[in-house]
Asker: 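Let me give you the structure first, and then I'll get to my questions.
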Amino acid sequence: MTNTSPAAIGSLIRDARKQRGLTQQQLADELSTSQSAIHRIEAGNQNLSLEMINKIAEALESPLIARADSRTMNFRIQGETKLSGSIEVRSSKNAAVALLCASLINKGTTKLRGVARIEEVNRIIEVLTSIGVECTWSDDKSLLTLVRPEELRLDEMDLDAARRTRSVIMFLGPLLRFYSEFQLPYAGGCNLGSRTVEPHLQVLREFGLDVEATEGFYQARVSRDIKGTRHVTLTERGDTVTENALLAAAQTAGVTVLRNASPNYMVQDLCVFLAKLGVGIEGIGTTTLTITGKTDINEVVEYYPSEDPIEAMSLITAGIVTDSELTITRAPIEFLEIELAILEEMGLKFSLSEEYRSHNQFTRLVDITVHPSKLKAPVDKVHPMPFPGLNIDNLPFFAVIAASAEGQTMIHDWVYENRAIHLLELGKLGATVQLLDPHRLIVTGPTGWRARDMVCPPALRPAVCLLLAALAARGESVLRDVYVINRGYEDLPTRLNKLGANIEVFHE
């Protein structure tokens, strides 16, 4: 490196840390220092000795703080694989990011147990710590404690982290209670096509928020003249739109009746969490929510996010595509019933345990055992619907499953413009996939999967589909630049290897 200014060194340290998948707090723990010190270093506000630079380089396993973009994480997968045993479903990514955003409305202490340590969570934690929220993991990383300062440092927000996650849009609801003016960077995340934020802005206008889009930022102004009972109807039954509305209503005096709300799993988690903060909520799990706001929220609250139905579906798919007997424990059955009904129609043999409750004492769980089965294509197309229909994030897995089944299956993704296109990559592994238009695929099976060297598509679920198909492919496959998978799954190669997979993680 030729530029040795504190800002240049700080930038390289930040990039190397993110390549390792560490938060500022995690790096601080390795160096026996504070998160605020790491923030100052990465912001270029602290001069470093050569000894300290070498110490940081050692902690980051990065020689001389090499630029992170020169080394990407990749997977080497040996197939054909037979899986066996059982695997536990981890907590929900989407619930976790909603709860992290929700911690901003609580002036007290928020404790979250069992939060998945994934890239999407890391990005939100980076944004929170950069604006002054204390985010502390317990020694065993099972408990995350968040303490909001009296005044947030919004002008010090980590813009790079914020722009790498779409979830930052859910800061709008919490912040409108505390500031008359603020700005947020444009949201990022998966490349799934046009995803307008207008439904967010439309519903938040009911709470006095007016947003103007400028160069790279949303400029927000808030009116305080909000009184009486509000009847709000969402024009789009979106999950994050509903969550933003909930976070605004939770801290607004009076009653809000929210119609056409999403009753999906992450929304239910957020509702249960808000109820623990003393917010009145009726209608959890329905499309009409009645929220009685609480203008001063200052509680010590502890909460377990519920298990992730999308991860559960990906693990079910792993068992199906490898023709294995596999038990998936702690699966949230309420959010998998349509998927299982379609799979049963296709000929999948599976068994369910008796129901039991999640640690949040609300979500219903079962253990699902998938048995080797000869599948046939479903009679009708496979398409998503708002809950309680087939989850949009579970739809891509049906492309892999359809490729393992006898006959032709139409996959109709009417929500996103690009995701069906990303699933064409399955063809490189041997699947017969025909794109009818940006929303519709015809998949013809069964497939003789073959190994391939590939680059991950820039979308989480299609990328995981390639990994699962590679498990069934004869020979050695390489999946390159797997950051997008780490956004949604915690240590997936290690967990699959315990079931009999052979996945090697390497960098280059």
Side-chain angles (χ1 to χ4, degrees), residues 7 9-31 33-46 56 59-60 62 65 67-69 73 93-104 110 112 115-138 141 143-149 151-172 174-175 182-190 216-218 240 305 460 483-490:
I9 294 173
S11 177
L12 291 175
I13 291 171
R14 182 194 65 217
D15 290 346
R17 172 180 60 78
K18 291 180 178 179
Q19 181 65 31
R20 279 284 315 280
L22 298 177
T23 65
Q24 289 181 336
Q25 184 62 58
Q26 289 165 344
L27 177 57
D29 292 343
E30 290 196 30
L31 296 171
T33 187
S34 65
Q35 178 273 325
S36 59
I38 299 299
H39 180 69
R40 289 195 301 273
I41 291 169
E42 294 187 354
N45 296 328
Q46 186 163 316
I56 294 171
L60 293 172
S62 178
I65 320 296
R67 281 195 176 274
D69 56 10
M73 181 185 289
K93 168 184 86 79
N94 289 326
V97 296
L99 296 171
L100 288 171
C101 295
S103 70
L104 288 171
T110 300
L112 301 177
V115 173
R117 298 177 65 208
I118 57 177
E119 292 299 325
E120 187 81 352
V121 167
N122 288 343
R123 297 296 81 75
I124 293 296
I125 290 176
E126 286 172 347
V127 177
L128 289 173
T129 54
S130 71
I131 61 176
V133 178
E134 293 181 17
C135 303
T136 308
W137 291 96
S138 61
K141 311 303 180 185
L143 174 65
L144 176 62
T145 302
L146 302 110
V147 181
R148 183 194 188 282
E151 285 294 328
L152 296 168
R153 302 191 302 263
L154 296 183
D155 58 336
E156 297 182 22
M157 181 177 290
D158 185 336
L159 299 181
D160 180 60
R163 289 188 170 121
R164 295 181 77 185
T165 170
R166 183 174 168 79
S167 302
V168 75
I169 195 71
M170 283 194 292
F171 279 34
L172 287 173
L175 294 180
F182 61 92
Q183 69 175 17
L184 286 179
Y186 288 159
C190 288
F217 289 89
Y218 303 113
T240 55
L460 170 58
Y483 172 83
V484 69
I485 293 178
N486 294 331
R487 281 188 59 232
Y489 291 80
E490 182 179 5

Asker: May I ask you to test the L128-L104 pair for a side-chain heavy-atom distance under 4.5 Å?
Answerer: yes
Asker: Measure the CG-OG1 distance between L144 and T136 for me, rounded to the nearest 0.5 Å.
Answerer: 7.5 Å
Asker: Quick check: do I38 and T33 have side-chain heavy atoms less than 4.5 Å from each other?
Answerer: yes
Asker: Taking atom CD of Q24 and atom CD of E42, what is their separation to the nearest 0.5 Å?
Answerer: 4.5 Å
Asker: On a heavy-atom basis, which atom in L146 and which in L112 lie closest, and how many Å separate them?
Answerer: CD1-CD1, 3.9 Å
Asker: So, taking the atom named CG in N486 and the one named CG in N122, what distance separates them when rounded to the nearest 0.5 Å?
Answerer: 9.5 Å
Asker: Do you know the tightest heavy-atom contact between L460 and K93?
Answerer: CD2-CE, 4.0 Å
Asker: Please give me the minimum heavy-atom distance between V168 and A162, naming the atom from each residue.
Answerer: CG1-O, 3.6 Å
Asker: Is there side-chain contact between E490 and V121, with heavy atoms separated by less than 4.5 Å?
Answerer: no
Asker: Heavy atoms only: give me the nearest P185-L159 pair and the separation to one decimal.
Answerer: CG-CD2, 4.1 Å
Asker: How many angstroms lie between atom CD1 of I131 and atom CZ of R148, to the nearest 0.5 angstrom?
Answerer: 8.0 Å
Asker: Which one of E126, R487, E120, E119 satisfies the side-chain hydrogen bond (donor to acceptor under 3.5 Å, both in side chains) criterion with T165?
Answerer: E120
Asker: Taking the side chain as every heavy atom from C-beta outward, state whether L152 and F171 have any pair of such atoms under 4.5 Å apart.
Answerer: no
Asker: Would you say the side chain of P305 lies within less than 4.5 Å of the side chain of L99, judging by non-hydrogen atoms?
Answerer: yes
Asker: How long is the span from the CZ atom in F182 to the CG atom in L154, to the nearest 0.5 Å?
Answerer: 8.0 Å
Asker: Out of curiosity, R40 CZ to Q35 CD, how far, rounded to the nearest 0.5 Å?
Answerer: 9.5 Å
Asker: Side chain to side chain contact (heavy atoms under 4.5 Å, CB included) for L100 and I125? Distances and angles first, verdict last.
Answerer: CA-CA 8 Å; L100 288 171; I125 290 176; 4.2 Å; yes
Asker: Going through the distances and angles, do T129 and Q25 end up as a side chain to side chain donor-acceptor pair (under 3.5 Å)?
Answerer: CA-CA 8 Å; T129 54; Q25 184 62 58; over 6 Å; no
Asker: Give me the atom names and distance for the closest heavy-atom approach of S167 to V97.
Answerer: OG-CG2, 3.6 Å
Asker: Would R163 count as a cation-pi partner of F217, with NZ or CZ less than 6.0 Å from the six-membered ring centre and within 45° of the ring normal?
Answerer: yes
Asker: State, with a plain yes or no, whether a side-chain heavy atom of S130 is found less than 4.5 Å away from one of M157.
Answerer: yes
